[in-house]
Every structure is written in structure tokens, then in C-alpha cells.
Amino acid sequence: VAREHPRVESAILSGAGLADIRGLDGGPEFLSAFRHFMDRYGFRAAAEIEMSHPRYCEDPSAILSSVRASLRAGKRREHRRHLERLEAEAAAAVRRLEQSVAGGWFGSLRQWLVRSFALRYRGYLSMREVLKYALSQLLAETRRQILEAGELLARENCLREADDVWLYRRSELQRALADPGDPPPVDLQERRRQYERHRRLNAPRVMLSDGEIPRPEASPLRAEEGFSGIATSGGTVEGRVRIIYRPGDASLEPGEILVAPHTDPGWTPLFLHARGLITSVGGVMTHGSLVAREYGIPSVVLADATEILTDGQRVRLDGDAGLVIPLHDGAPRAEAEL
């Protein structure tokens, strides 16, 4: 819709917000489409399992940033064409599986079984997300109820501000609502300090049942090989690193390689423009790796990637060998880019 209205497109590219777009030619049409999206998906959010995080309907900046990045890509329907190419590749893979079992006794039966199982697998695997989708709606409604409780307690001078309600435990919140004049004896300022301290901590990659945290030696950097990690999605690309700790913190420009501590479904808008993915934590079956394979971009899990790499640094990402190779001016370009 933005591309159909040049003034709207120009405003979004220059960093305008929704309020700035309203009075432009095509602004009402764009805002109508934006509201329609929010009506359907506004209950989603980055790290949405954490109910204290704002939903998209409360803070739509991440979605607007995704629209902005799509406009900068400059090609209409490019994302759709990319998905169509991936679907064609998947269909070709099923045909290769059928052909591989065609010979010998019961070849035609084996072909039928292979195709049947492959199509069922592709058709039903996505149902694993249906439960999460419904849970997200429940979490959004729970957030709304808790925020209303916080506003009530703030009006009753039980809380200094409504957002402090997230510092209560559930039993404490219920007690405060039952008798706002006699709030629980809790030092909310100390809890806030603890919360901020915990946010800065990095969780260990592995913790044993007895509490021991194994700390393997860091992989050394070697000029000919780079940093070694876990290969989770094939392919080789080169690009500049964009380090993002939370999906609402920044937008990703087309062609950049996303580097993140980890990802969840709330990061999906950033995948639309990522040329590759590097996460500090994960494995072959974690969210970022799965989505990278679905989008056909290379992916590597590299321990402490957000600390090792530098924002804007140019690297070669080898999703087949699990390597991240820093590049310097004049370094040879990867074959996939030539």
C-alpha cells in the first residue's frame, strides 16, 4: 500500500511515524491497512512469553520498521517470489525422494508412500505453531488484565506507577487488589534493582543437573578459517553484521547479517531482510535455525557472537562449515556473491 502512494513511501523512508502519515495523500489507505494487520496480529510481540513486554498493538514501531526495510529493498513482491522459489525447491526435493525409491519390487508403492509421508510432513509440521498462536492471545489478554490492575493500584496509591505491578508475585498482587489500603510489605525498589541486574546477565549455554557449568575453551581465530560454530542452515554469503539484542531495538537493512543472542517468533519481521543469521545460543532445532532454513538463508550458532563480532563488521558466513570469517578491505568475495 505504501508503494502505491509516493508521499507515504517517502515519509516512511525518512523515518516518519504513523501520526505523521495520517494527513498525507494515501495516508488513510495506509493506516487502514496497518490497522487491519494490527487487528489480526497486534497481540503478538517480541519475547511475548514475557507478559511485561509491550504487544505490537501497543508499540507498532517494530512493524513500521519492517515496512520501512521492505521499501528500501526496492522490489515489489520480492519476499513472495522468494517464498515461491523455496516452495518450488521443496517440491523438487519430494520428486527426488520419489525417484530414489522407484526401482525394484514394489517401487510404485514405495513412491506413493514417500510422497504421501512427505506431503503430510510438510502439511502438518506447521501445526506445532497453532498452540503457540493461541497461547499468545491468552498472554496478551492476561497482560491487559494485569495492566488494568496496576492502573487501579496506582490510583489507590498502592503503587507509585502502574508498571510496578510486574514486580509483584501473583499472590502479592491478589492481596493488594483485595485490600489496596494494606499493600504487601515488599521492597519494590530493591526488586527493580534485582530485575535490572538480572537482565544484564548471560545465561550459560549448558548447566548440568548438579549445577556445574562446563566452560569449554574458546575457539581461536585463525585467519584461514575464522570462528568455528555450529552449522544450522546451509549456504555462504558476505555482508555487514548488525548486532541486535532485542527485536524492537533496531531495524535490519536489506543485505545485513543478523547477529542476536537468540531469537523467538517475535523476531520474524527481521528475518524478512536478513542475508544470514548468527546466534550466540541455539542448535539445529532452535527457532532461529528453523526459520533460517525456511527462508533459505545461511545460519551459524557461534558462542558469544554478540561479544566477538562488531556492529558493521564485514564477514563471510559459511552455513555449511559453521564458520564466521571476518573480512578486510580487498578480501576475496564469496563465490555465492560473485
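Position 1 is the first residue of the sequence, and the numbers go up from there. Every value quoted in this text rests on a predicted model; they were computed, and no experiment measured them.
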* Could you please spell out the steps behind the side chain to side chain contact (heavy atoms under 4.5 Å, CB included) verdict for Thr263 and Val291? => CA-CA 10 Å; Thr263 68; Val291 176; over 6 Å; no

What are the two closest non-hydrogen atoms of [X] and [Y], and how far apart are they?
X: Gly319; Y: Ala231; value: O-CB, 3.2 Å
X: Ala292; Y: Phe271; value: N-CE2, 4.3 Å
X: Arg242; Y: Asp311; value: CA-OD1, 3.3 Å
X: Glu238; Y: Arg275; value: O-NH1, 3.3 Å
X: Pro60; Y: Leu18; value: CG-CD1, 3.9 Å
X: Val300; Y: Thr232; value: N-OG1, 3.8 Å

Looking at [Y] and [X], is there a salt bridge between them, counting it only when a charged N and a carboxylate O are closer than 4.0 Å?
X: Arg95; Y: Glu98; answer: no
X: Arg193; Y: Glu190; answer: yes
X: Glu148; Y: Arg144; answer: yes
X: Asp164; Y: Arg191; answer: no

* Asked: Hey, is NE2 on His262 packed in by over 12 heavy atoms from elsewhere, all under 6.0 Å?
  -> no

* To do: Taking atom CZ of Arg169 as the centre, report whether more than 12 heavy atoms of other residues, nucleotides or ligands fall under 6.0 Å from it.
  => no

Same cluster or not: are [X] and [Y] linked, directly or through other Ile, Leu, Val, Met, Phe, Trp or Tyr residues, by side-chain heavy atoms under 4.5 angstrom apart?
X: Tyr56; Y: Ile49; answer: no
X: Trp112; Y: Leu119; answer: no
X: Tyr195; Y: Ile146; answer: no
X: Val1; Y: Phe34; answer: yes
X: Leu135; Y: Tyr133; answer: no

Whether [X] side chain and [Y] backbone form a donor-acceptor pair below 3.5 Å:
X: Asp318; Y: Ala321; answer: yes
X: Ser299; Y: Ser289; answer: no
X: Arg110; Y: Trp105; answer: yes
X: Arg316; Y: Pro326; answer: no
X: Ser65; Y: Ser61; answer: yes
X: Ser100; Y: Leu97; answer: yes
X: Arg68; Y: Ile12; answer: yes
X: Ser136; Y: Lys132; answer: yes

* Could you check Asp163 against Arg192 for side chain to side chain contact (heavy atoms under 4.5 Å, CB included), going step by step and ending with a plain yes or no? => CA-CA 11 Å; Asp163 198 51; Arg192 177 72 70 182; 4.0 Å; yes

Reported [atom1]-to-[atom2] distance for the pair [X] and [Y], which is rounded to 0.5 angstrom:
X: Leu327; Y: Leu317; atom1: CG; atom2: CG; value: 10.5 Å
X: Ile63; Y: Arg44; atom1: CD1; atom2: CZ; value: 10.5 Å
X: Ile21; Y: Leu64; atom1: CD1; atom2: CG; value: 5.5 Å
X: Gln313; Y: Thr310; atom1: CD; atom2: OG1; value: 5.0 Å
X: Leu309; Y: Ile243; atom1: CG; atom2: CD1; value: 6.0 Å
X: Asp304; Y: Phe227; atom1: CG; atom2: CZ; value: 10.5 Å

Considering only heavy atoms from C-beta outward, does the side chain of [X] approach that of [Y] to under 4.5 Å?
X: Glu58; Y: Arg55; result: yes
X: Val94; Y: Arg115; result: yes
X: Leu277; Y: Tyr295; result: no
X: Leu167; Y: Leu159; result: no
X: Trp166; Y: Leu147; result: yes
X: Trp267; Y: Leu258; result: yes
X: Leu323; Y: Ser228; result: yes
X: Arg160; Y: Gln189; result: yes

* **Verdict with supporting geometry, Val186 and Glu172, side chain to side chain contact (heavy atoms under 4.5 Å, CB included)** => CA-CA 9 Å; Val186 177; Glu172 295 166 348; 3.6 Å; yes

* Examine the side chains of His273 and Ser70 and answer whether a donor and an acceptor come within less than 3.5 Å of each other. =>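 Result is yes, a qualifying pair exists.
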
* Verify the distance criterion only: is there a donor paired with an acceptor across the side chains of Glu141 and Gln137 at less than 3.5 Å? =>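 Glu141 vs Gln137: no donor-acceptor pair found between side chains.
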
* To do: Take Leu139 and Phe43 through the side chain to side chain contact (heavy atoms under 4.5 Å, CB included) test and state the conclusion after the steps.
  => CA-CA 8 Å; Leu139 293 173; Phe43 63 89; over 6 Å; no

